[in-house]
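Structure first, then comments.
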Amino acid sequence: MAEELIGKVLVFKQHRGIITETEAYIGFDDPASHAFKGETPRTKIMFGKAGFSYVYLIYGMYHCLNIVTEKAGFPAAVLIRGVQLSDVSKLHLDGPGKICRHMGITKAHYGIDVATSEELYLGCIKQTLAFSKTPRIGIKVATDRLWRFLAKSEKG
DNA sequence: ACCCCGATCGTA
DNA sequence: ACGATCGGGGTT
């Protein structure tokens, strides 16, 4: 799903943009995942059905948006790390904290079903984007896994 | 009650 | 390279 989401459209309220960068956090054997140590109130949504938002606060200052994937009982999520805004600014939001800060996404938007919500959802465009795979960044473990996906022409 | 630390970002 | 800033989660 992290690969699939490259080139899809992220819509939140009046904001929309093409997803240019994602990271995957998968299952019980991924030590970089918040779900690795088991289910907690914060990570509960990751253990549920796919298609729900997982928003968390990081470093006391920034929010990060994920989309839960995989079947219930198997924790996984895709972190949205990069978005190219579709408005006239064409601003490239580079980093999960910047995306949420710009769009106003907070923990209040935890657990939204993106399949039915009219506030937060995903869309398609006709073209697909080529992408590259790299190690995930900002983590200190499991950096050998190529679970970061970056649209071509993005640096990194 | 206390402590450590983090899927970040802006500034130096 | 570093500090800001605070909640989550484990430990006392």
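Values reported hereafter were calculated over all heavy atoms of this structure, with side chains retained and with hydrogens, waters and symmetry mates removed. The sequence lines fix the lettering, A, B, ..., with proteins before strands; numbering per chain opens at 1.
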Tell me if a side-chain donor or acceptor on [X] pairs with a main-chain N or O of [Y] at a distance below 3.5 Å.
X: A:Tyr110; Y: A:Arg42; value: yes
X: A:Thr20; Y: A:Gln84; value: no
X: A:Ser53; Y: A:Ile67; value: no

- Message: Counting only side-chain nitrogens and oxygens, does A:Arg42 get under 4.0 Å of the OP1 or OP2 atom of C:dG7?
- Response: no
- Message: Does a side-chain N or O of A:Arg81 approach OP1 or OP2 of B:dT8 to a distance below 4.0 Å, or not?
- Response: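 Checking B:dT8 against A:Arg81, a side-chain N or O does come within under 4.0 Å of OP1 or OP2.
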Which nucleotide, [options], lies nearest any side-chain atom of [X]?
X: A:Met61; options: C:dT5, B:dC9, C:dG9; result: C:dT5
X: A:Lys107; options: C:dG7, C:dT5, B:dC9; result: C:dG7
X: A:Tyr62; options: C:dG7, B:dT8, C:dG9; result: B:dT8
X: A:Thr43; options: B:dG10, C:dG9, B:dA7; result: C:dG9

- Message: Applying a 4.0 Å non-hydrogen cut-off, can you work out what A:Arg136 is touching in the nucleic acid: base, sugar-phosphate, or nothing?
- Response: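 The answer is nothing, as A:Arg136 stays clear of every strand by at least 4.0 Å.
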- Message: By the 4.0 Å heavy-atom rule, please label A:Gly97 as base, sugar-phosphate, or nothing.
- Response: sugar-phosphate
- Item | Along DNA chain B (nearest heavy atom to each residue), the more 5'-positioned of A:Lys98 and A:Ile139 | A:Ile139
- Query: Starting at the 5' end of DNA chain B, which residue's closest nucleotide do you reach first, A:Lys140 or A:Gly95?
  - Reply: A:Lys140
- Query: Do A:Leu122 and A:Val78 sit in the same hydrophobic cluster, where Ile, Leu, Val, Met, Phe, Trp and Tyr count as joined when their side-chain heavy atoms come under 4.5 Å apart?
  - Reply: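 Same cluster.
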Write down the distance between [atom1] ([X]) and [atom2] ([N]), rounded to a whole number of angstrom.
X: A:Lys37; N: B:dA7; atom1: NZ; atom2: P; result: 8 Å
X: A:Phe36; N: C:dG8; atom1: CZ; atom2: C1'; result: 17 Å
X: A:His34; N: C:dG9; atom1: NE2; atom2: C1'; result: 12 Å
X: A:Leu93; N: B:dG10; atom1: CG; atom2: C1'; result: 16 Å
X: A:Leu57; N: C:dG9; atom1: CG; atom2: C1'; result: 14 Å
X: A:His102; N: B:dT8; atom1: NE2; atom2: P; result: 20 Å
X: A:Tyr59; N: C:dC2; atom1: OH; atom2: C1'; result: 13 Å
X: A:Ile58; N: B:dG10; atom1: CD1; atom2: P; result: 15 Å

- Please lay out, stage by stage, how A:His63 and A:Tyr56 fare under the test side chain to side chain contact (heavy atoms under 4.5 Å, CB included). CA-CA 5 Å; A:His63 293 274; A:Tyr56 66 90; over 6 Å; no
- Query: Using Watson-Crick pairs (N1 to N3, plus N6-O4 or O6-N4) and G-U wobble pairs, both distances under 3.5 Å, which stems of at least 3 pairs involve DNA chain C?
  - Reply: B:1-6 with C:6-11, B:8-11 with C:1-4
- Within the stacking criterion (centroid distance below 5.5 Å, interplanar angle below 30°), does A:Tyr25 stack on B:dA7?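 Stack criterion met.
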- Item | Separation between NZ of A:Lys8 and CD1 of A:Ile19, rounded to the nearest 0.5 Å |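 Going from NZ on A:Lys8 over to CD1 on A:Ile19, the span is 8.5 Å.
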- Hey, what do you get for CZ (A:Arg136) to CG (A:Asp30), rounding to the nearest 0.5 Å? 4.0 Å
- Item | A:Phe52 and A:Asp113: CA distance, side-chain angles, deciding distance, side chain to side chain contact (heavy atoms under 4.5 Å, CB included) verdict | CA-CA 4 Å; A:Phe52 288 76; A:Asp113 182 353; 3.6 Å; yes
